[in-house]
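Worksheet for the structure shown next.
Lettering of chains follows the sequences in order, A, B, ..., and the numbering in each one begins at 1. Fair warning: this is a prediction, and the values are worked out from it, not measured in the lab.
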Amino acid sequence: MKRPARLPGSDRNDKYARIYAVVRRIPKGRVATYGQVASLAGLPRQARLAGYALHALGDGPVPWHRVVGAGGLLALGRKRPDAAVTQRLRLEHEGVRFDGRGRVDMRAYAWSGARGRAAGR
DNA sequence: GCAATGACGCTCT
DNA sequence: CAGAGCGCCATTG
């Protein structure tokens, strides 16, 4: 499919919905980066939008805590340190280990985005 | 319609 | 390895 450039009807709702859909597909115990989610959502180069959507999401059925910044670094710590703590707690609760600097071990938890098969190698 | 900001990403120092 | 700066597109005022 060519990925409809612009779907009539909804605008941002549909765009955000895609991001939410991608985040929701992230398996437990795994994490994805904003760029990864944005790309899978059909918005390449728009990592900021992915985060923007998640921020607007606030509370919902979307495990936003599974979305981290590039390199496994918590992007929230930049301007929302309080939320970063919550995210870290939730990830640890799912079995994700953080290294001594509050970074996620992407080598082990980086989600490929592929369905079914995990990244592993 | 224009300007500023933003849960980011990558490169350079 | 760590820190800082610039660029990307979209949303909001």
Exercise for the section: Start with the C-alpha gap between A/Thr33 and A/Met106, add the side-chain angles, then the distance that decides, and say whether side-chain contact (heavy atoms from CB on, under 4.5 Å) holds. Expected result: CA-CA 9 Å; A/Thr33 66; A/Met106 295 302 281; 3.5 Å; yes

Problem - Step-by-step salt bridge (Lys or Arg N to Asp or Glu O under 4.0 Å) determination, A/Arg66 to A/Glu94 - result: CA-CA 10 Å; A/Arg66 284 183 194 150; A/Glu94 300 208 345; 2.9 Å; yes

Review item, nucleotides 8-10 of chain C N/O atoms under 3.5 Å of protein N/O:
from, atom 1, to, atom 2, distance (Å)
C/dC8, N3, A/Arg48, NH1, 2.6
C/dC8, N4, A/Arg48, NH1, 3.4
C/dC9, O3', A/Gln46, NE2, 2.7

N/O donor to acceptor pairs below 3.5 angstrom from side-chain atoms of residues 77-91 of chain A, sequence neighbours left out:
from, atom 1, to, atom 2, distance (Å)
A/Thr86, OG1, A/Asp82, O, 3.4
A/Gln87, NE2, A/His65, O, 2.8
A/Gln87, NE2, A/Val67, O, 2.7

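The separation between A/Gln36 atom CD and B/dC10 atom C1' is 15 Å, rounded to whole Å. Between the CD atom of A/Gln87 and the C1' atom of B/dC8 there is a distance of 13 Å, given to the nearest Å. Across the protein-nucleic acid pair, A/Leu40 atom CG and B/dG9 atom P stand 13 Å apart, rounded to whole Å. Atom-to-atom, CG of A/Leu57 to P of C/dT11 comes out at 16 Å; the value is rounded to the nearest Å. For the pair A/Met106 CE and C/dC1 P, the computed distance is 15 Å after rounding to whole Å. A/Tyr34 places its OH atom 14 Å from the P atom of B/dC10, with the value rounded to the nearest Å. Nucleotide B/dC8 holds its C1' atom 12 Å from the CD1 atom of A/Ile19, rounded to whole Å.
At least one side-chain heavy atom of A/Arg97 sits less than 4.5 Å from a side-chain heavy atom of A/Tyr109.
With values rounded to the nearest 0.5 angstrom, A/Lys15 atom NZ is found 8.5 Å from A/Ile19 atom CD1.
Using a 30° and 60° split on the angle between ring planes, A/Tyr20 and A/Tyr16 fall in the perpendicular class, above 60°.
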